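Written below as structure tokens is the structure these notes are about.
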Amino acid sequence: MPSKTVEFRYLQVITNHLSGDRVTVALAHWDGSALRFACAVASLRDHPGFVDIERAVRAIERSITQRSEELRSASSGVLFSPTLAELAPGSELIGDALVWSEVRRGITGDSAAHFTELGSKLGLLPVPHDVQRFSRATIRSALENLARDFEAYPDLVKTSVELRDHYRFIAPVSWKNGVWNHAVPLNLDVDTQLELEAQIRATLARVITAIPRTENPVLIAALPQKPNPAVRDVEKEARYAQEAIGSRARLAHIRAVGGRIDTSEVRTMIDADIAGHVVQTALVTRQ
């Protein structure tokens with residue numbers, strides 16, 4: 001792959017004007033044909049100007065995304081390539097807290113990889129993992145597959161149940177043991193404490209706004225696939241979420257084992273809950 005010159009610059013927040021301390025919150029990257037941008041402002045959540053800073057960064061992101069799309073659509077008719085200073089100027093910045101660094105240049109054979117390397121080192125892009133993280137989609141899929149194993153009991157176990165106490169939620173698996181129990185995925189396989197807190201808050205909100213008060217939410221906590229020192233005791237956090245909901249909440253865990261998702265703890269819970277109803281149904285059938 002032939003080498004090419006790339007330009008890049010950092011968007012930074014000055015946190016101390018006396019010492020010149022600053023935090024990089026975004027990266028703009030231009031290789032003459034592709035304009036790339038990455039940003040992350042969560043680390044400045046405690047900064048007194050966080051709301052204004054976040055608003056300004058998102059406005060810059062929208063502006064650069066629009067410019068990137070315009071460049072792609074007009075690439076064949078461009079006679080002179082603009083510079084990064086022209087594509088990512090400092091006119092949108094607020095006060096003297098948010099500033100662009102000078103434009104820097106480098107030589108690379110892979111512009112996309114160069115951008116990813118810079119963004120990952122700065123914490124602006126996810127760092128690749130040897131083990132793929134759980135996602136909402138993989139957790140939901142595993143629970144829906146589990147529900148299908150109980151197709152012989154359609155009145156007791158269902159998949160994709162739509163709930164709406166105020167807002168809509170689709171439970172991947174629901175089962176009955178006198179009252180309906182609805183699985184609510186809680187992904188604990190995250191990179192940072194902030195992500196963990198966001199997962200807990202989102203799950204609590206989902207339970208409060210979607211699960212009817214007469215039915216039981218079952219938090220299905222997906223445990224990390226490998227230890228992460230940046231995140232505190234995740235099982236303790238799951239128990240906190242259960243206790244915050246109250247006595248009607250239940251808790252089960254899923255894990256990654258040998259390249260697959262182990263839902264056996266949830267299966268055991270469902271088996272125990274519906275066992276009495278299954279036996280009763282069998283007796284009625286025989287009579």
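Just so it is clear, the model here is predicted, and its values are computed rather than measured. Nothing fancy with the numbering, it's 1 onward along the sequence.
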Charged N to carboxylate O below 4.0 Å: is that the case for D273 and K176?
no

Taking a hydrophobic cluster as the set of Ile, Leu, Val, Met, Phe, Trp and Tyr residues connected by side-chain heavy atoms closer than 4.5 Å, whether directly or through intermediates, do L146 and L219 fall within one such cluster?
no

Hey, does R239 have a side-chain heavy atom less than 4.5 Å from the side chain of D233?
yes

Distance check, rounded to the nearest 0.5 Å: H277 atom NE2 versus W175 atom CH2?
13.0 Å

Taking only Lys NZ, Arg NE, NH1 and NH2, and the carboxylate oxygens of Asp or Glu, determine whether D31 and R36 approach each other closer than 4.0 Å.
yes

Taking the six-membered ring for Trp, are H114 and H29 parallel (under 30°), tilted (30 to 60°) or perpendicular (over 60°)?
tilted

R213 side chain vs I208 backbone, donor-acceptor pair below 3.5 Å:
yes

Taking the side chain from W30 and the backbone from P82, do they hold a donor-acceptor pair closer than 3.5 Å?
yes

Roughly how far, to the nearest 0.5 Å, is CD1 of I139 from CG of D189?
8.0 Å

Would you indicate whether the side-chain heavy atoms of E197 and L194 approach each other to under 4.5 Å?
yes

Check the side chains of Q66 and E70 for a donor-acceptor pair under 3.5 angstrom, ignoring hydrogens and angles.
yes

Evaluate the side-chain proximity of D165 to I211: yes if any heavy-atom separation is below 4.5 Å, no if none is.
no

Report yes or no: do L204 and V190 belong to one cluster of Ile/Leu/Val/Met/Phe/Trp/Tyr joined by side chain heavy-atom distances under 4.5 Å?
yes

So CZ of F115 and CG of L27: to nearest 0.5 Å the spacing works out to 5.5 Å

With a 3.5 Å distance limit and no angle check, can you tell me whether N187 reaches the backbone of F134 through a side-chain donor-acceptor pair?
yes

Pairing donors with acceptors under 3.5 angstrom, does anything connect the side chains of S19 and D21?
yes

Is there a chain of hydrophobic side chains (I, L, V, M, F, W, Y, each step under 4.5 Å between heavy atoms) that links L35 to I60?
yes

Worked check of side chain to side chain donor-acceptor pair (under 3.5 Å) between S174 and H182
CA-CA 4 Å; S174 301; H182 305 289; 2.7 Å; yes

So does P217 get a backbone contact from the side chain of R250, meaning a donor-acceptor N/O pair under 3.5 Å?
no

Steps toward side chain to side chain donor-acceptor pair (under 3.5 Å) verdict (T159, E144):
CA-CA 6 Å; T159 187; E144 289 174 345; 4.8 Å; no

Ignoring hydrogens and angles, state whether a donor on the side chain of T138 or S141 is under 3.5 Å from an acceptor on the partner side chain.
no

Output yes when a side-chain donor or acceptor of T263 lies under 3.5 Å from a complementary backbone atom of V266, and no otherwise.
no

May I ask you to check whether over 12 heavy atoms, not counting those of R58, lie within 6.0 Å of atom CZ?
yes

Is a side-chain N or O of T24 found less than 3.5 angstrom from the main chain of Y10, in a donor-acceptor match?
no

For side chain to side chain donor-acceptor pair (under 3.5 Å), just list the numbers for D262 and S264, CA-CA rounded to whole Å, side-chain angles, deciding distance to a tenth of an Å, and then say yes or no.
CA-CA 6 Å; D262 179 12; S264 59; 2.8 Å; yes

Looking at R105 and E7, would you say the former's side chain and the latter's main chain have a donor-acceptor pair under 3.5 Å?
no

Flag side-chain contact, heavy atom, 4.5 Å: I220 against I254:
yes

Are any non-hydrogen side-chain atoms of V57 and V13 less than 4.5 angstrom apart?
no

Atom pair NE2/CG of H253 and L186 - distance to nearest 0.5 Å:
9.0 Å

Apply the side-chain contact (heavy atoms from CB on, under 4.5 Å) test between V23 and each candidate in I14, L44, I53; give the one that qualifies.
L44

Under 3.5 Å donor-acceptor, N181 side chain and V179 backbone:
yes

So how far is it from R22 CZ to L98 CG, rounded to the nearest 0.5 Å?
10.5 Å

I need the minimum non-hydrogen distance between W100 and A88, along with the two atoms involved.
NE1-O, 3.7 Å

Quick one, R148 and N145 - any side-chain contact, counting heavy atoms below 4.5 Å?
yes

Short side-chain to backbone donor-acceptor contact, E162 and I170, under 3.5 Å:
no

V184 side chain near T203 side chain, heavy-atom distance below 4.5 Å:
yes

Report the distance from atom CD1 of I107 to atom OG1 of T5, rounding to the nearest 0.5 Å.
3.5 Å

Can you classify the ring geometry of Y153 versus F150 as parallel (below 30°), tilted (30 to 60°) or perpendicular (above 60°)?
tilted

Compare all side-chain heavy atoms of Q199 with those of E237 and state whether any distance is below 4.5 angstrom.
no

Check ion pair R255-E265 (N to O, under 4.0 angstrom)
yes

Using modelled atom types and a 3.5 Å cut-off, is there a donor and acceptor pairing between side-chain atoms of S63 and backbone atoms of A59?
no

